[in-house]
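Just so it is clear, the structure is predicted and the values come from calculations on it, not from any experiment. Order of the sequence lines fixes the chain letters, A, B, ..., with proteins taken first and strands second; residue numbering starts at 1 for each chain.
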There are 2 protein chains.
Amino acid sequence: MQLTPLTERFVLHFGEMGSRWGINRTVGQIYALLFISPQPLNADEIAETLSFSRSNVSMGMKELMSWRLARMSHRSGDRREYFEAPKDIWEIFHTLAEEKRRREIEPTLSMLREALLATPQTDEERHAQARMREMHELVEMATVWFEEVQRLSPETLEGLMRLGAKVQKVLGFTDKLRGKE
Amino acid sequence: MQLTPLTERFVLHFGEMGSRWGINRTVGQIYALLFISPQPLNADEIAETLSFSRSNVSMGMKELMSWRLARMSHRSGDRREYFEAPKDIWEIFHTLAEEKRRREIEPTLSMLREALLATPQTDEERHAQARMREMHELVEMATVWFEEVQRLSPETLEGLMRLGAKVQKVLGFTDKLRGKE
DNA sequence: TTGAATTTTCAATAATTTTTGAAAATTGTA
DNA sequence: TACAATTTTCAAAAATTATTGAAAATTCAA
């Protein structure tokens, strides 16, 4: 696939953003390319379009697949593997959130849970543990909430989001009465 | 401040997690230390506790301040700067979300907005642009929604989150009727 | 002002991460 | 099974990022 100025900018942007997230430039660019490609691409096409080595693409695909941000497909009479990004943006959000939770939130929650089991030996430890408890409570609540919300269909979610503004208007009033902004 | 096994584990965990987010190990550890510290710490104390060079701490503090995850304070009769992490976990969430939006979402949105202004020259470009439009719409909607939600007070938000489960139960039913998961 | 205390900068070094090419492994088919 | 096509692995090289110590800059009290 040939990059035009329009698509190149998109691809490069995702490369740079990639490094702000945990993924590297290569992976970001490959993903962006698959996202806008009208048809699945094979590894050589990706390597050529982005000027990466073939093996780099192989690594990148492994990473993307582990994030479930790319899928493999095949063409009849062609042994090569073709890759495509999931089409549905809601699905992508969903997947990303789930993987982030698995890789970042869950380990943190277990660390916190374990820390909360310990008996603090000093005032400092007591204080530290109290802070960890606060963090644990909020993270857990947010996670549970997020899980719930994620079970909703895209349509319902969109509806809820649009509703958000209204909920805010109603509730915002109460908040202001309590001086909470 | 002296690290105990309990607090050390917490600090190291945040160091490692830091690298999954865009921030580095040092910054992650400093933040964790400030978070659990019962009182503000000065740069030397931080450097000593975490075995970093003084200058590394200086860099790290600059970064943390830019994320608004640390504040400076002073003690009377002491010229050194003391640092502390904001106490309120809701505030921290809020701040983080805001900075992430500013640094990652907004640049992406402007790139997309610009790309959407271009007139596509080929079918491929037309397709690419359509995909970008989908992405733009969802990201923008999510952002606006998030802004709205963020205006709510922590109390209201907690209420909404607890409500989440119920909303889901009611709405989930409708979804199932429509065969949507 | 001066100068001691403190913080910041910055170029050099260290450490880590990414990228590559070549070799090994795998896959599907003749 | 044998072999050609394809993918993966992996150690070395390249690139990037983090860390440091020394020097410069800043701050504030005398």
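- A 4.5 Å side-chain heavy-atom check between B:Ile23 and B:Tyr31 finds every atom pair outside the cut-off.
- No side-chain heavy atom of A:Arg103 sits less than 4.5 Å from a side-chain heavy atom of A:Pro107.
- Mapping B:Ser51 and A:Arg80 onto DNA chain D by nearest heavy atom places A:Arg80 at the nucleotide closer to the 5' end.
- Distance, A:Met59 CE to D:dA14 P: 17 Å, rounded to whole Å.
- At a cut-off of 3.5 Å, with distance as the only test, a side-chain donor of B:Thr4 or B:Thr7 sits close to an acceptor on the other residue.
- Here the range on DNA chain C touched by chain B, meaning any atom under 4.0 Å from one of its heavy atoms, is C:dA4 to C:dC10.
- Comparing A:Arg79 and A:Ser55, the nucleotide of DNA chain C nearest to each residue sits closer to the 5' end for A:Ser55.
- For A:Arg75 and D:dT6, the CZ to C1' distance is 16 Å, given to the nearest whole Å.
- Using a cutoff of 4.0 Å between basic side-chain nitrogens and carboxylate oxygens, B:Arg101 and B:Glu98 are not scored as salt-bridged.
- Heavy-atom distances under 4.0 Å link DNA chain D to B:Asn24, B:Arg25, B:Thr26 of residues 13-26 of chain B, given in residue order.
- Heavy-atom contacts from other residues, nucleotides or ligands closer than 6.0 Å to CH2 of B:Trp21 number 12 or fewer.
- The side-chain heavy atoms of B:Arg75 and B:Gln39, taken from C-beta on, include a pair separated by under 4.5 Å.
- The separation between B:His74 atom NE2 and D:dA29 atom P is 11 Å, rounded to whole Å.
- The separation between B:Glu63 atom CD and D:dT17 atom P is 13 Å, rounded to whole Å.
- No salt bridge links B:Glu91 with B:Arg68; every basic N to acidic carboxylate O contact stays at or beyond 4.0 Å.
- A straight line from CG of B:Asp78 to P of D:dT27 spans 17 Å, rounded to a whole angstrom.
- Two residues are said to be in side-chain contact when any heavy atoms from C-beta on lie closer than 4.5 Å; B:Met61 and B:Ile46 meet this criterion.
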